[in-house]
Amino acid sequence: MIQGVIFDMDGLMFDTERIWDIYWEPALAKYGLHYKESLAESARGTAKVGTAQVVRRFYGEDCDAEGIVDELYRLAYEAFKKPVPKMKGLDALLEWLDGQHIPMAVASSSPMPVIMGHLNNWDMAHYFKAIVSGEQIARSKPEPDIFLHAAEKLGTAPAHTLVLEDSYNGVRAGAAGGFVTVMVPDLNPATGEMRRLYTCECPSLCEVLEKLQAGEL
């Protein structure tokens with residue numbers, strides 16, 4: 001029985017992954033570099049430190065990874081000043097969970113000001129008992145630390161806590177922590193690896209709600 005729910009944010013609650021992807025090219029261009037295929041996918045779901053590690057893996061240890069990531073974040077932050085679209089089914093799922101008194105958390109690799117900006121733009125912060133940023137955690141996704149920390153704040157055991165994720169790194173983290181992990185794909189479809197790791201896949205948050213209401217999760 002699900003006793004708590006942990007939401008990823010980018011690409012799960014809000015349609016932000018496409019915005020992040022847009023700004024990789026100009027951020028790299030500032031440092032004289034060209035975008036390499038699958039860079040955005042590899043970095044998706046990681047915190048800022050993890051993103052810099054991915055950049056080094058693609059461009060070498062001598063590149064100014066921190067500078068590139070700082071520029072990426074600066075550009076994205078400007079775009080995030082305006083409300084971004086919510087993902088399909090988010091409102092109904094939040095309202096139902098709230099009505100059932102099931103505690104909820106956000107566990108996102110994004111910095112806290114960005115998380116709070118998105119939530120406040122849509123007046124959603126009140127739904128969540130806990131909000132955890134990747135900057136508060138030593139090891140980012142695909143390690144399970146951020147989800148374990150969120151579950152501790154909710155007071156729920158991983159085996160009875162639902163993790164909702166769209167990214168590969170997020171699914172890996174949920175599975176590694178022993179959570180009931182549901183993948184709701186956004187930009188990247190489920191792979192064979194994901195199918196081995198997740199509890200199930202839902203095409204949108206609407207289907208997550210349906211499964212919860214039917215007692216299938």
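All figures in this text were calculated on a predicted structure; none of them were measured in a lab. For reference, positions follow the sequence shown, starting with 1.
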Peer 1: Check whether any side-chain heavy atom of Phe128 lies under 4.5 Å from a side-chain heavy atom of Leu94, and answer yes or no.
Peer 2: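 Yes, close enough: below the 4.5 Å cut-off.
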Peer 1: Let me know which of Phe14, Tyr73, Trp20 forms a ring pair (Phe, Tyr, Trp, His ring centres under 6.0 Å) with Phe80.
Peer 2: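 Of the listed residues Phe14, Tyr73, Trp20, the ring pair (Phe, Tyr, Trp, His ring centres under 6.0 Å) partner of Phe80 is Trp20.
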Peer 1: I'd like to know if Asp15 and Lys86 make a salt bridge, using a cut-off of under 4.0 Å between side-chain N and carboxylate O.
Peer 2: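 Lys86 and Asp15: not salt-bridged.
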Peer 1: Could you go through Glu71 and Arg74, starting from their C-alpha distance and side-chain angles, then the distance that decides it, and tell me whether this counts as salt bridge (Lys or Arg N to Asp or Glu O under 4.0 Å)?
Peer 2: CA-CA 5 Å; Glu71 180 65 7; Arg74 186 188 70 79; 2.9 Å; yes
Peer 1: With rounding to the nearest 0.5 Å, note down the distance linking CD1 in Ile19 to CG in Leu75.
Peer 2: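 Going from the CD1 atom of Ile19 to the CG atom of Leu75 covers 12.0 Å.
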Peer 1: Within the 4.5 Å heavy-atom criterion, are Leu90 and Trp122 side-chain neighbours or not?
Peer 2: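 No, too far: nothing below the 4.5 Å cut-off.
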Peer 1: What about Leu217 and Met183, same hydrophobic cluster or not, with Ile/Leu/Val/Met/Phe/Trp/Tyr joined at side-chain heavy-atom distances under 4.5 Å?
Peer 2: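 Different hydrophobic clusters.
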Peer 1: Is any side-chain heavy atom of Ile137 closer than 4.5 Å to a side-chain heavy atom of Val132?
Peer 2: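 In short, these two side chains touch, coming nearer than 4.5 Å.
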Peer 1: Out of curiosity, does Ile6 fall in the hydrophobic cluster containing Leu97 (side-chain heavy atoms, cut-off under 4.5 Å, transitive links)?
Peer 2: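 The answer is no; the residues belong to distinct hydrophobic clusters.
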Peer 1: Go through Lys153 and Lys129 one step at a time and tell me if the side-chain contact (heavy atoms from CB on, under 4.5 Å) criterion holds.
Peer 2: CA-CA 8 Å; Lys153 285 180 171 289; Lys129 182 177 180 181; over 6 Å; no
Peer 1: Would you confirm whether Ser38, through its side chain, and Glu41, through its main-chain N or O, come within 3.5 Å as a donor-acceptor pair?
Peer 2: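 Pair absent, no side-chain N/O of Ser38 close to backbone of Glu41.
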Peer 1: For the CD atom of Glu207 and the SG atom of Cys200, what is their distance to the nearest 0.5 Å?
Peer 2: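 SG of Cys200 is found 10.5 Å from CD of Glu207.
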Peer 1: If you take all heavy atoms of Met1 and His160, which pair is closest and at what distance?
Peer 2: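 So the two residues come closest at O-ND1, 3.2 Å.
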Peer 1: Assess whether a salt bridge exists between Asp8 and Lys141, defined as any Lys/Arg side-chain N lying under 4.0 Å from an Asp/Glu carboxylate O.
Peer 2: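 A salt bridge links Asp8 with Lys141.
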Peer 1: Looking only at non-hydrogen atoms, find the nearest pair between Pro185 and Cys202 and report the distance.
Peer 2: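 Between these two residues, the closest heavy atoms are CD-O, 3.4 Å.
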Peer 1: Do Thr156 and Thr161 pair up side chain to side chain, a donor and an acceptor below 3.5 Å, judged on atom types alone?
Peer 2: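 Distance-only check passes for Thr156 and Thr161.
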Peer 1: Heavy atoms, side chains only, cut-off 4.5 Å: are Tyr77 and Lys81 in contact?
Peer 2: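 Result no, sub-4.5 Å side-chain heavy-atom pair not found.
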Peer 1: When you group the ILVMFWY residues by side-chain heavy-atom contacts below 4.5 Å and let the links chain together, are Val184 and Phe7 in the same group?
Peer 2: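 Yes: a chain of side-chain contacts under 4.5 Å links Phe7 to Val184.
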Peer 1: As an exercise, state the distance from OH of Tyr198 to CZ of Arg195, rounded to the nearest 0.5 Å.
Peer 2: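 So the OH of Tyr198 and the CZ of Arg195 are separated by 5.0 Å.
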Peer 1: If you measure from CG on Leu12 to CG on Leu164, what distance do you get to the nearest 0.5 Å?
Peer 2: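 With rounding to 0.5 Å, CG (Leu12) is 5.5 Å from CG (Leu164).
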Peer 1: Give the ring-plane orientation class for Phe179 versus Phe147, where under 30° counts as parallel, over 60° as perpendicular and anything between as tilted.
Peer 2: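 Perpendicular, since the angle between the ring planes exceeds 60°.
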Peer 1: More than 12 foreign heavy atoms under 6.0 Å from CD of Glu37: is that the case here?
Peer 2: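 No, the 6.0 Å shell around CD holds no more than 12 heavy atoms from other groups.
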Peer 1: CE of Met124 to CD1 of Ile115: how many Å apart, nearest 0.5 Å?
Peer 2: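 Answer for the CE-CD1 pair, Met124 versus Ile115, is 14.5 Å.
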Peer 1: Are any non-hydrogen side-chain atoms of Glu165 and Val182 less than 4.5 angstrom apart?
Peer 2: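 Side chain of Glu165 against side chain of Val182, heavy atoms only: no contact under 4.5 Å found.
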Peer 1: Given the rule in the side-chain contact (heavy atoms from CB on, under 4.5 Å) test, do Ser167 and Asn188 qualify, once you have shown the distances and angles that lead to the verdict?
Peer 2: CA-CA 7 Å; Ser167 74; Asn188 300 122; over 6 Å; no
Peer 1: Between Tyr168 (side chain only) and Pro189 (backbone N and O only), is there a donor and an acceptor less than 3.5 Å apart?
Peer 2: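 Between the backbone of Pro189 and the side chain of Tyr168 there is a qualifying donor-acceptor contact (under 3.5 Å).
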Peer 1: In this structure, which one of Asp21, Asn169, Asp166 forms a side chain to side chain donor-acceptor pair (under 3.5 Å) with Arg44?
Peer 2: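 It is Asp21, the one option of Asp21, Asn169, Asp166 that forms the side chain to side chain donor-acceptor pair (under 3.5 Å) with Arg44.
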Peer 1: Side chains of Leu39 and Tyr59, heavy atoms from C-beta outward: is any pair under 4.5 Å?
Peer 2: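 Counting from C-beta outward, Leu39 and Tyr59 do come under 4.5 Å.
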Peer 1: Distance-only, no hydrogens or angles: does the Tyr35 side chain make a donor-acceptor pair with backbone N or O of Ala40 under 3.5 Å?
Peer 2: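 Present.
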Peer 1: Taking everything shown except Gln136 itself, do over 12 heavy atoms lie less than 6.0 Å from its CD?
Peer 2: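 More than 12 heavy atoms, drawn from other residues, nucleotides or ligands, come within 6.0 Å of this atom.
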Peer 1: Under a 4.0 Å threshold between the charged nitrogen and the carboxylate oxygen, would Arg172 count as salt-bridged to Glu193?
Peer 2: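 Yes, this pair counts.
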Peer 1: A side-chain contact here means heavy atoms from C-beta on lying under 4.5 Å apart; do Thr16 and Asp10 qualify?
Peer 2: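 Of all side-chain heavy-atom pairs linking Asp10 with Thr16, at least one is under 4.5 Å.
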Peer 1: Using a 3.5 Å distance criterion without hydrogens, assess whether the side chain of Lys88 forms a donor-acceptor pair with backbone atoms of Cys206.
Peer 2: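 Flag not set: sc Lys88 to bb Cys206 has no pair under 3.5 Å.
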Peer 1: Within a strict 4.5 Å, meaning less than it, do heavy atoms of the Ser140 and Val49 side chains meet?
Peer 2: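 Of all side-chain heavy-atom pairs linking Val49 with Ser140, none is under 4.5 Å.
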Peer 1: If you count every heavy atom of other residues, nucleotides or ligands that lies below 6.0 Å from His126 atom NE2, does the total exceed 12?
Peer 2: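 Counting other residues, nucleotides and ligands, NE2 of His126 exceeds 12 neighbours.
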Peer 1: Rounded at 0.5 Å granularity, tell me how far CG in Leu28 sits from NZ in Lys30.
Peer 2: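 Going from the CG atom of Leu28 to the NZ atom of Lys30 covers 12.0 Å.
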Peer 1: Taking it one step at a time, do Val5 and Val208 satisfy side-chain contact (heavy atoms from CB on, under 4.5 Å)?
Peer 2: CA-CA 11 Å; Val5 179; Val208 174; over 6 Å; no
